[in-house]
Amino acid sequence: MCGIIGIVGKDSVNQTLYDGLTMLQHRGQDAAGIMTADGGRLYLRKNNGLVRDVFHTRHMLRLAGNIGIGHVRYPTAGSASNAESQPFYVNSPYGIAIAHNGNLTNAQELKKEVFRDDLRHINTESDSEVLLNVFAHELEAQGKLRVNENDIFKAITSVHRRCRGAYAVVAMIIGYGLVGFRDPYGIRPIAFGKRETDRGDEYIIASESVAIESLGFKVVRDIMPGEAIFIDVDGNLHSRQCADKTIYSPCIFEHVYFARPDSTVDEISVYRARMRMGEFLARKIEREWASHDIDVVIPIPDTSRTAGLQLANDLGLKFREGFIKNRYIGRTFIMPGQKERKKSVRQKLNPIDLEFRGRNVLLVDDSIVRGTTSKEIVQMARDAGANKVYFASASPPVRHANVYGIDMPSRRELVGFGRDEEQICAEIGADGLIYQDLDDLIESARKGNPKIKRFDTSVFNGDYVTGDITPEYLAHIENLRNDGAKEKQRGKDDDNIIDLYNTA
């Protein structure tokens with residue numbers, strides 16, 4: 001999962017891009033990058049680390065120009081190499097830079113095509129660099145010294161025909177303007193906004209509405225599946241549907257976990273969707289566990305708080321903040337090893353003993369992925385004096401690999417793989433476990449936008465919306481994402497000390 005942003009302004013955009021990336025930091029803490037254009041000159045700064053650590057005053061001063069793009073990343077296949085931080089850039093044709101959120105499911109095939117047929121070299125293992133070179137080749141194939149919006153849209157149409165999987169993209173074409181486009185299924189989120197100034201209109205493209213509104217822009221709308229927008233250097237907006245066939249299928253896990261609650265994604269309030277998750281979960285408890293002996297509901301901070309509060313209200317139970325979160329510890333389900341992951345959970349959360357002692361507690365989390373975190377939290381609740389520890393998940397069991405840009409572990413490392421709910425309960429050490437039903441999860445999101453008839457729910461049911469996922473591809477993903485492969489990749493990354501593009 002990554003966060004992307006692009007701005008066409010009337011003045012320098014470096015500080016605005018920086019501020020926008022801080023609003024998207026939750027989407028990736030591994031690396032950050034900004035590229036700006038000042039006339040025909042490009043400026044780039046990217047590195048591993050948080051936004052605040054990558055950009056210092058000396059870097060910001062050199063990021064000149066009124067057009068720019070930015071990116072925050074965590075790696076979806078275990079690599080944390082600085083060379084794979086974004087934006088990526090190619091000088092031909094015209095000079096193109098790209099920031100991408102998602103995952104191409106045919107990246108390996110495309111990489112061979114790009115080398116064999118397009119005569120282009122790929123320098124990293126990133127599918128984003130592959131996507132950039134496909135776009136660059138298709139734009140070059142227009143055969144023009146100078147291109148217009150029609151040529152750009154034709155190139156994107158060809159990108160859709162060649163690329164499969166999930167991709168939300170912002171791209172700069174030097175001397176022309178800013179492009180934003182989305183795959184024909186609309187799996188990963190992207191929206192754009194506008195700000196009126198005395199000198200004309202300014203535009204922004206970003207992964208989530210929170211980054212748009214916090215910077216003083218007004219959200220215009222989401223970019224639709226298969227659609228592209230182009231904002232030229234003079235601030236004129238052009239849009240076109242570039243895909244032959246589209247099926248609106250956004251990722252439902254954005255609403256479960258990734259997106260900020262103060263964002264609206266695909267016209268759905270993330271906050272309201274999570275409230276409805278709590279409502280549906282409360283109804284299931286009333287229906288299937290009417291004689292429960294729960295004394296208090298305690299959320300696992302932060303993303304489950306909204307669902308947990310609504311659940312407690314609907315059941316007439318006490319709601320308490322029983323865990324205090326250390327915000328300087330990264331996400332545990334993407335930690336590289338089991339030992340490090342368990343240690344991180346204890347450092348990340350600290351229980352308030354008074355809220356647990358002698359009580360039957362219901363812990364509410366947004367999801368259960370590996371189960372390692374849940375098991376540690378259940379034990380922490382017991383150590384804090386809880387009488388009984390029950391566990392509720394605002395989403396169904398995660399049993400399948402994600403192939404569209406979320407760095408979930410190997411399928412065999414998922415606690416839900418090959419286990420029923422009773423076995424999962426025993427694995428995490430809880431006295432009882434209740435999961436959200438998939439139909440209820442879908443309805444929680446769909447109520448916010450009835451126009452969406454289908455969501456990507458593949459991590460729950462193995463139904464991959466792009467229809468191209470084979471057992472061989474899933475085996476390939478398994479080999480990339482298991483803990484052993486990630487440990488091996490970390491060793492390679494530690495040896496990688498060359499950054500050819502870090503110029504700012």
Side-chain angles (χ1 to χ4, degrees), residues 1 26 28-30 74-80 103 251-254 256-258 299-304 323 325-326 329-349 363-382 389-430 433-436 438 441 457-462 474-475 477-490:
M1 185 64 61
H26 60 287
Q29 301 89 43
D30 182 73
Y74 81 72
T76 56
S79 176
N103 182 60
C251 175
I252 205 164
F253 217 74
E254 292 281 349
V256 171
Y257 180 71
F258 270 106
I300 312 302
D302 287 315
T303 46
S304 61
F323 291 103
K325 183 177 180 180
N326 180 349
I329 301 293
R331 284 177 171 152
T332 52
F333 81 78
I334 59 173
M335 291 285 180
Q338 285 289 94
K339 186 174 181 180
E340 184 174 344
R341 197 175 295 114
K342 289 180 180 180
K343 180 181 177 183
S344 177
V345 175
R346 293 277 178 167
Q347 293 174 340
K348 184 177 182 178
L349 296 175
L363 304 178
V364 180
D365 209 348
D366 52 77
S367 58
I368 304 173
V369 183
R370 292 179 184 268
T372 311
T373 299
S374 304
K375 184 175 184 177
E376 286 294 307
I377 290 172
V378 168
Q379 188 58 49
M380 289 167 65
R382 293 198 191 282
V389 182
Y390 304 116
F391 208 99
S393 170
S395 61
V398 177
R399 303 188 190 277
H400 302 273
N402 183 280
V403 301
Y404 299 129
I406 298 177
D407 185 33
M408 285 188 174
S410 161
R411 184 177 57 157
R412 296 184 182 278
E413 294 165 355
L414 298 170
V415 72
F417 178 74
R419 294 185 179 95
D420 60 27
E421 294 185 21
E422 186 175 336
Q423 291 169 323
I424 297 171
C425 182
E427 181 66 23
I428 67 173
L433 172 64
I434 191 161
Y435 275 104
Q436 185 84 267
L438 180 56
L441 175 63
T457 56
S458 53
V459 296
F460 305 120
N461 61 4
L474 291 174
I477 290 292
E478 292 269 323
N479 291 333
L480 289 177
R481 293 186 179 175
N482 65 69
D483 281 344
K486 290 185 178 183
E487 286 292 339
K488 185 177 180 180
Q489 183 62 53
R490 286 182 74 206

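Screening L349, D366, V364 for a side chain to side chain contact (heavy atoms under 4.5 Å, CB included) involving I300 leaves a single residue, L349.
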**OP:** Determine, step by step, whether I368 and Y435 satisfy the side chain to side chain contact (heavy atoms under 4.5 Å, CB included) criterion, reporting the C-alpha distance in whole Å, the side-chain angles of both residues, the deciding distance to 0.1 Å, and the verdict.
**Re:** CA-CA 9 Å; I368 304 173; Y435 275 104; 3.6 Å; yes
Original post:
Step by step, would you call M1 with Y257 a side chain to side chain contact (heavy atoms under 4.5 Å, CB included)?
Top reply: CA-CA 11 Å; M1 185 64 61; Y257 180 71; over 6 Å; no
**OP:** Please assess N402 against F253 for the test side chain to side chain contact (heavy atoms under 4.5 Å, CB included), listing each intermediate value before the final yes or no.
**Re:** CA-CA 10 Å; N402 183 280; F253 217 74; 5.9 Å; no
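Side-chain N or O atoms of S367 include none that pairs as donor or acceptor with a backbone N or O of S395 at under 3.5 Å. Put simply, the side chain of Q423 gets close to the backbone of D420: a donor and an acceptor are under 3.5 Å apart. Looking only at distances, a side-chain donor or acceptor of R382 sits under 3.5 Å from a matching main-chain atom of G429. Here the side chain of R399 pairs a donor or acceptor atom with the backbone of G416 at under 3.5 angstrom.
Interatomic distance, NZ of K375 versus CD of Q379, reported as 9.0 Å (0.5 Å rounding). Atom CD1 of I434 and atom SG of C425 lie 11.0 Å apart (nearest 0.5 Å). The OG1 atom of T372 sits 10.5 Å away from atom CD1 of I377, with the distance rounded to the nearest 0.5 Å.
Residues I252 and V459 fail the side-chain proximity criterion, which asks for heavy atoms closer than 4.5 Å. Taking 4.5 Å as the limit, some side-chain heavy atom of L441 sits within range of a side-chain heavy atom of F460. With a 4.5 Å cut-off on side-chain heavy atoms, S458 and Y404 count as touching.
The minimum heavy-atom distance between D30 and Y74, with the atom names listed, is CB-CA, 3.6 Å. Nearest heavy atom pair, residue L363 against residue A381, reads CD1-CB, 4.3 Å. The nearest pair of heavy atoms linking H400 to G462 is CD2-N, 3.3 Å. Across all non-hydrogen atoms, the minimal contact from N103 to G405 is CB-N, 3.5 Å. Across all non-hydrogen atoms, the minimal contact from F391 to A430 is CB-CB, 4.2 Å. Of all heavy-atom pairs between A401 and I477, the closest is CB-CG2, 4.5 Å.
Judged as a side chain to side chain contact (heavy atoms under 4.5 Å, CB included), and not counting sequence neighbours, the contacts of R411 are L414, F417, E478.
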